[in-house]
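Residue numbering restarts at 1 for every chain, and letters A, B, ... go by the order of the sequence lines. None of these values were measured; they are calculated from a predicted model. The basis for the numbers below is simple: all heavy atoms, side chains too, and nothing from hydrogens, waters or symmetry mates.
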Number of protein chains: 2
Amino acid sequence: MKDLVDFRADILKALAQPTRLKIIDFLRGGERCVCEIFPAISEEQSNTSRHLSMMLSAGVLSRRKDGLKIYYAIKHPEILDVVDMVTLIVKQEISERHKLLKAV
Amino acid sequence: MKDLVDFRADILKALAQPTRLKIIDFLRGGERCVCEIFPAISEEQSNTSRHLSMMLSAGVLSRRKDGLKIYYAIKHPEILDVVDMVTLIVKQEISERHKLLKAV
DNA sequence: GCACTATATGATTATATAGTCATTACATGA
DNA sequence: TCATGTAATGACTATATAATCATATAGTGC
């Protein structure tokens, strides 16, 4: 049986991949259909579809049908907070490593 | 060449695994040596060591030597904010799925 | 029903990951 | 220097992941 720590890992895993991060970033503008998403991130339709359904089942995205098109959106605003906080950490890391290089 | 999106994925990946989340949770109490960490999370010493060095190189943990012992600590306080925010999301997801079940 | 568009899925491949056991490296103190 | 305690690494296995190509499914309008 899955416990809390596994669910937390699932959410984080759903964010922890470059293609998926690009999708998240693109969806900052609001819900978008698959046909808009995959050209925007320069990935194949099928690959994009897989990443989308992976994030859907992890609880990161929501999905809405409208005729032929399927619209995906970020489900919880906190997802963006998480991603933004990580960007902050990365920037700190990069500036630290930069200083270390200059110190040589 | 690695770009920003890859670094973000690296940080997230370093958090996106149950064993590593257990380590992070244990390190909330402050820095701990490997000999304290692996019994606390009930994992083998070698496996624990691998996860620790993975998180070290991702920039999630810091490391300090003191004689025979190696002390690891959470490097950026924002790491805990990220993990806590994810816990929040998980709780929202769980209560939502619970409601869906009851609705049947 | 048929053609068309949009999305999802099956099969496959290459690569990455987590874990285990055995061994090695390293620091300390007798 | 030798025995001991602590951490890291090599070799290996099983499993998961990301990506691709081809195909299937499903909604729309004729």
Side-chain angles (χ1 to χ4, degrees), chain A residues 1-3 5-27 31-73 75, chain B residues 2-3 5-27 31-75:
Chain A
M1 180 52 183
K2 250 187 194 181
D3 69 348
V5 93
D6 295 305
F7 277 115
R8 291 198 287 161
D10 286 346
I11 299 267
L12 285 160
K13 216 183 297 175
L15 304 175
Q17 208 273 346
T19 304
R20 292 195 289 271
L21 280 177
K22 282 175 203 156
I23 293 174
I24 297 280
D25 283 339
F26 183 62
L27 292 179
E31 68 166 15
R32 296 280 185 271
C33 68
V34 182
C35 59
E36 293 172 299
I37 298 171
F38 79 86
I41 62 168
S42 307
E43 285 291 333
E44 289 215 346
Q45 180 271 321
S46 65
N47 191 31
T48 304
S49 173
R50 279 185 218 281
H51 283 299
L52 288 168
S53 66
M54 188 272 203
M55 289 193 277
L56 177 73
S57 57
V60 164
L61 300 184
S62 60
R63 201 178 102 119
R64 183 175 71 84
K65 276 177 121 160
D66 183 16
L68 263 183
K69 300 194 178 174
I70 310 280
Y71 289 86
Y72 284 91
K75 188 168 181 187
Chain B
K2 249 186 197 183
D3 69 349
V5 93
D6 295 305
F7 276 114
R8 291 197 287 159
D10 286 346
I11 298 267
L12 285 160
K13 215 182 300 177
L15 304 175
Q17 206 273 346
T19 304
R20 292 197 287 273
L21 280 177
K22 284 176 203 157
I23 292 173
I24 298 281
D25 283 339
F26 182 62
L27 291 179
E31 67 166 15
R32 296 281 185 270
C33 68
V34 181
C35 58
E36 294 171 299
I37 299 171
F38 79 85
I41 62 167
S42 307
E43 285 291 334
E44 289 214 347
Q45 180 271 322
S46 65
N47 191 31
T48 304
S49 173
R50 277 184 219 282
H51 284 298
L52 289 168
S53 67
M54 188 272 204
M55 289 193 276
L56 178 72
S57 57
V60 164
L61 300 184
S62 60
R63 203 178 100 119
R64 183 175 71 83
K65 276 179 120 159
D66 184 15
L68 264 183
K69 301 193 179 175
I70 310 281
Y71 289 87
Y72 284 91
I74 293 169
K75 189 168 179 187

*Those residues of residues 31-49 of chain A lying under 4.0 Å from DNA chain C by at least one heavy atom*: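 Contacting residues: A:Cys33, A:Val34, A:Cys35, A:Gln45, A:Ser46, A:Ser49.
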Atom-to-atom span, [atom1] of [X] to [atom2] of [N] - whole angstrom:
X: A:Met55; N: C:dA8; atom1: CE; atom2: P; value: 12 Å
X: B:Met54; N: C:dA18; atom1: CE; atom2: C1'; value: 10 Å
X: B:Leu21; N: C:dA18; atom1: CG; atom2: C1'; value: 14 Å
X: B:Arg63; N: C:dC26; atom1: CZ; atom2: C1'; value: 11 Å
X: B:Lys69; N: D:dT4; atom1: NZ; atom2: C1'; value: 14 Å
X: A:Leu15; N: D:dA18; atom1: CG; atom2: P; value: 12 Å
X: B:Asp66; N: D:dG5; atom1: CG; atom2: P; value: 18 Å
X: A:Gln17; N: D:dA19; atom1: CD; atom2: P; value: 5 Å

Candidates [options] - which lies nearest the side chain of [X]:
X: A:His51; options: D:dA18, C:dT7, C:dG19; result: D:dA18
X: A:Thr19; options: C:dT5, D:dA11, D:dA19; result: D:dA19
X: A:Lys65; options: C:dA18, D:dG27, D:dT6; result: D:dG27

_Taking side chain to side chain donor-acceptor pair (under 3.5 Å) as the criterion, tell me which of B:Glu43, B:Arg20, B:Lys22 meets it with B:His51._
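Exactly one pass, corresponding to B:Arg20.
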*So how far is it from B:Ile23 CD1 to B:Gln17 CD, rounded to the nearest 0.5 Å?*
8.5 Å
*Starting at OG1 of B:Thr19, measure out to CD of B:Glu44 and round the result to the nearest 0.5 Å.*
11.5 Å
Is there a side-chain contact between [X] and the phosphate of [N], meaning an N or O under 4.0 Å from OP1 or OP2?
X: A:Arg50; N: C:dG10; answer: no
X: A:Tyr72; N: C:dA8; answer: yes
X: A:Lys13; N: D:dT17; answer: yes

*Can you see which heavy atom on A:Ile37 is nearest to which on A:Arg32, and at what distance?*
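So the two residues come closest at CD1-O, 3.6 Å.
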_Least distance between heavy atoms, A:Tyr71 atom then A:Cys33 atom_ = CD2-N, 3.4 Å
*asked:* Once you apply a heavy-atom cut-off of 4.0 Å, does B:Tyr71 come out as touching a base, just sugar-phosphate, or nothing?
replied: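 Nothing, no nucleic acid heavy atom in range.
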_Any non-hydrogen side-chain atom of B:Arg8 less than 4.5 Å from a side-chain atom of B:Val5?_
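Touching, per the 4.5 Å side-chain cut-off.
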_As a test of understanding, state which of A:Asp10, A:Leu27, A:Ile24 forms a side-chain contact (heavy atoms from CB on, under 4.5 Å) with A:Val60._
A:Ile24
